[in-house]
Number of protein chains: 2
Amino acid sequence: MTASGDGTVGKALDVLDQVASFGRPVRFTELLEHSPFPKATLYRFVQTLTNQRMLSFDPDRGTYAPGVRLVRLAHAAWQTASLAPIARDEIDALSAEVGETVHLAQLDHAQVIYVDKRNAAEPVQMFSQSGKVGPAYCTGVGKAMMAYLPEAALHDVLGQQSYHQFTPTTHTSAESLQAELADIRANGYGFDREEHEPGIICVAVPILTDTNRVLGALSVTSTTTRTNLAGLESLVPRIQTTADAISKEASQWHFPATVTPH
Amino acid sequence: MTASGDGTVGKALDVLDQVASFGRPVRFTELLEHSPFPKATLYRFVQTLTNQRMLSFDPDRGTYAPGVRLVRLAHAAWQTASLAPIARDEIDALSAEVGETVHLAQLDHAQVIYVDKRNAAEPVQMFSQSGKVGPAYCTGVGKAMMAYLPEAALHDVLGQQSYHQFTPTTHTSAESLQAELADIRANGYGFDREEHEPGIICVAVPILTDTNRVLGALSVTSTTTRTNLAGLESLVPRIQTTADAISKEASQWHFPATVTPH
DNA sequence: CAACTAGTTTCATTATTTGAAACTTAGTTT
DNA sequence: AAACTAAGTTTCAAATAATGAAACTAGTTG
């Protein structure tokens, strides 16, 4: 499906992805049917990954599922590689002030990963939200990040979008999308105009380093019954402030003095 | 450090663990100093993992950190391989009723992974709890799970504990621990008698399949200022009920009808 | 500018992966 | 109970990929 190459490790990780993509425990034969690898090869990969606890095997049912070691690694990833812990307080404040759902997202490959979320009303749900994946071409955060990608990376990402038309306003080609990205770059923010779900709109701003690398994006989401694009637009300065604060913290944060002298 | 073997894939995952264990973005040379691999080999692993987005590279600082692809995979793991989504409602109810912190944990290798948590008072913090790792030999959930492990697996796990004495009551040998495990097996539940942190006590019960395989464990935690072991013991029937309900749901859940006929 | 440091590439040697086919269970049918 | 079947597991020579010492590059520093 992904055909990533990168030798044995890449192939093994493809298998891991494949198991994860099922979204449920899966039998060896099922995997085999959807796998480019021959029986024995797939078998050895699945064995290795299970040994490594990246997959877990249910002996009662003979099924494989993503393993708990991933949950543990992800904890580390979330803590050290995501903006979430840095952005925590800022997002809390923003969400309280605007009284709408706030999303913090980052880009993985060509997809958006939501690394944190505040729903003004309900308390947060753990992993159930964090780690969730979405399309880049029809979400506010996705477009905000793409708008600031360097040429080469953008080309890559554009080529990998599916351009499935979820609603009448969804972009269905790289061309129309690219036109909007130019607008976003000019304004510093972008919208989701019910492109993913009818009735759902949002404003999003990118979070950039001082060297203008894309770190992530921040969005405030609402519904067409509660507000409109102009209403959301009025929040931009406030969101911008949050994005800047996160960016500044991110640049200060990372990095310890020097290495212990062995 | 872990020396897991399993060919190239195992080695690459060791490198991944190593990066994760730093808990902060890390330079190539730092990794090299702590790595059993020669320069060129480590270099290639780090490249491959970065290509695969299992590591992310910060070009501004020249540092590596666990990548966001892990967050995404973990979402899948948490959803399909952990008890958390199944146990959600049950844990909500339990936590509301007993008014104390409830932990849901599973075993990874020789360590406890907390996959969900309810703190009656404060709203939940996302990843900061889920994915967190703890020692098995001095936590209620750890001991409850070990008590029901088959001979061979138990031997393995016992050998991998560090037996660091956190408090005066911490087990410091496999022998004393094993004696308690027999008790736990006899009673169906176990305590944490301030073995990890002074003042913190808990009761834990295992979550088992009908074939008696260990799925996870459930605990209610409190402090010595608020209650005592007898107080916690009185909650056991209620906790047991929750554990049974989770076990039943887990057995019904997993598994679709039959495979689509190709 | 020479010496040092951090990161990257090369390439012959070595070790691992590969996958068709054979084999083993366990379950089902005749 | 023998004959089929489907799912999972093992084998082994050939093909491929990983290895790591050493050389190289680029960027700092005394």
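All chains are named by letter (A, B, ...) in the order of the sequence lines, taking the proteins before the strands, and each is independently numbered beginning at 1.
- Under the 4.5 Å side-chain criterion, counting only non-hydrogen atoms from C-beta, A:Gln106 is not in contact with A:Val112.
- Mapping B:Ala40 and B:Thr8 onto DNA chain D via the closest heavy atom, the residue that lands nearer the 5' end is B:Thr8.
- Going from atom CZ of A:Phe37 over to atom P of C:dG19 covers 8 Å, rounded to whole Å.
- To the nearest angstrom, P of C:dA20 lies 11 Å from CZ of A:Arg44.
- Taking the six-membered ring where tryptophan is involved, the planes of B:Phe22 and B:His34 are perpendicular, since the angle between them exceeds 60° and thus also 30°.
- Summarising the geometry of B:Ala250 relative to B:Leu83, their closest heavy-atom pair is CB-CD2, 4.3 Å, with the distance given to 0.1 Å.
- Whole-Å rounding puts the A:Lys39 NZ to C:dA22 P distance at 13 Å.
- Within the 3.5 Å criterion, the main-chain N or O of B:Arg44 finds a donor-acceptor partner in the side chain of B:Thr48.
- B:Thr29 comes within contact range of the sugar-phosphate backbone alone, with a heavy-atom separation under 4.0 Å but no base atom that close.
- Within the 3.5 Å criterion, the main-chain N or O of B:Gly131 finds no donor-acceptor partner in the side chain of A:Arg72.
- Put simply, CD on A:Gln79 and NZ on B:Lys132 are 9.5 Å apart, with the number rounded to the nearest 0.5 Å.
- Look at CG on B:Leu32: it is 9 Å from P on C:dG7, rounded to the nearest Å.
- First and last contacting nucleotides of DNA chain D toward chain A (any atom under 4.0 angstrom from a heavy atom, 5' to 3' order): D:dA7 to D:dA18.
- For A:Gln47 and C:dT17, the CD to P distance is 14 Å, given to the nearest whole Å.
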